[in-house]
Amino acid sequence: MPPVMEISGLTKSFGGLVAVNGVDLVLPGGELHAIIGPNGAGKTTFFNLISGFLRADKGSVRFLGHDIAGLPTHRISRLGMARTLQVKSVFNGLSVYENVWIAAQSRSRFLNPFRPAHSYAATARKVDEVMERAGVARHRDALAGNLSYGDQALLEIAIALATEPRLLLLDEPVAGMSPEETDRTVATVRELSKTVDVVLIEHDMEVVFDIADTITVMNQGAVLRQGTPAEIAADPRVQDVYLGVPEDEDAEG
Ligand SMILES: Nc1ncnc2c1ncn2[C@@H]1O[C@H](COP(=O)(O)OP(=O)(O)OP(=O)(O)O)[C@@H](O)[C@H]1O
């Protein structure tokens, strides 16, 4: 089995600014990987490059053994990569069930334009299963626009799961959530990561160190350090750029 993701030398500039600078990342599969780093470190640009929203200037991206650099988003999605965005994009006027149905159906219709009737039953089962896994089944008939912010975020995850991804990219999944919503989302993502590979960008360090198996720290477009949460927490360079130098050391300078 090829690694889920093999990224080498990924680079993207905007004018004179190198937003992503020679990033390497190998995800063997079976782990939850977090990407952290200060504002402007290049995390979102990195996600945009691997999911096809932006085209890289240099570097290679292999996903499940396929070379996907330069492919459009829909081709990458069909290969099994799904992504949620920071800005919620559910259909507010449709129910939770309908939102997930559309995503599930678009996948199966693409694969089989002459659908036999029983495939609708299969889609319905898939929608129920995905709502359950993402923790939104109890809101099945609610309008998406009436959900709390946290439940809308979980609905986004359900929509992503409905495309049957092998890899799920989550962009700040707990941003703007209450502590209770954060706890629920963390529990859901942890459970999901047992069956789908997950890469997330997250600013909430408590969440990252709680759920990540491995972490990439980015700074000024480049990889500063990759490792386990324990290795990252113990690295003085990471403490310097990201976690902050303790105040008493600061005072000495
Ligand atoms: N479309 C763009 N055009 C020009 N500059 C951009 C563009 N997108 C990002 N940048 C710049 O690239 C750098 C990296 O931005 P990016 O959004 O990837 O960082 P980030 O780590 O996701 O930050 P944050 O944590 O604040 O979301 C920043 O300096 C940003 O201003």
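We count ligands from 1, going down the list as the structure has it; atoms in each ligand are counted the same way.
A donor-acceptor contact shorter than 3.5 Å links the side chain of Gln226 to the backbone of Asp24.
Taking 4.0 Å as the cut-off, Gly37 does not count as a neighbour of ligand 1 on heavy-atom distance.
In His203, the part holding a heavy atom less than 4.0 Å from any atom of ligand 1 is the side chain.
Remark: ligand 1 and Gly40 share an N or O pair separated by less than 3.5 Å (distance only, no angle test). Between Gly42 and ligand 1, at least one pair of N/O atoms sits closer than 3.5 Å. Ligand 1 has no N or O atom lying under 3.5 Å from any N or O atom of Glu172, backbone or side chain.
For the residue pair Arg133 / Thr188, no side-chain donor-acceptor distance below 3.5 Å is found, with atom types taken as modelled. Under the 3.5 Å distance criterion, with hydrogens and angles disregarded, no donor-acceptor pair is assigned to the side chains of Gln105 and Thr123. Under 3.5 Å, the side chains of Asn48 and Thr45 contain no donor-acceptor pair of N or O atoms.
The closest non-hydrogen atom to atom 27 (O) of ligand 1, taken over Ile35, Ile201, Thr44, comes from Thr44. Among Phe47, Phe14, Phe46, the residue whose heavy atom lies closest to atom 1 (N) of ligand 1 is Phe14.
The atoms of ligand 1 that sit less than 4.0 Å from any heavy atom of Lys43 are 18 (O), 19 (O), 20 (P), 21 (O), 22 (O), 23 (O), 24 (P), 25 (O). Below 4.0 Å from some heavy atom of Ala41 lie the following atoms of ligand 1, by number and element: 19 (O), 20 (P), 21 (O).
From Leu154, atom CG reaches atom CG of Leu147 across 9.5 Å, with rounding to the nearest 0.5 Å.
The local environment of CZ in Arg225 is crowded, with over 12 non-hydrogen atoms from other residues, nucleotides or ligands closer than 6.0 Å. Remark: Glu181 CD is packed, more than 12 non-hydrogen atoms of other residues, nucleotides or ligands lying under 6.0 Å away.
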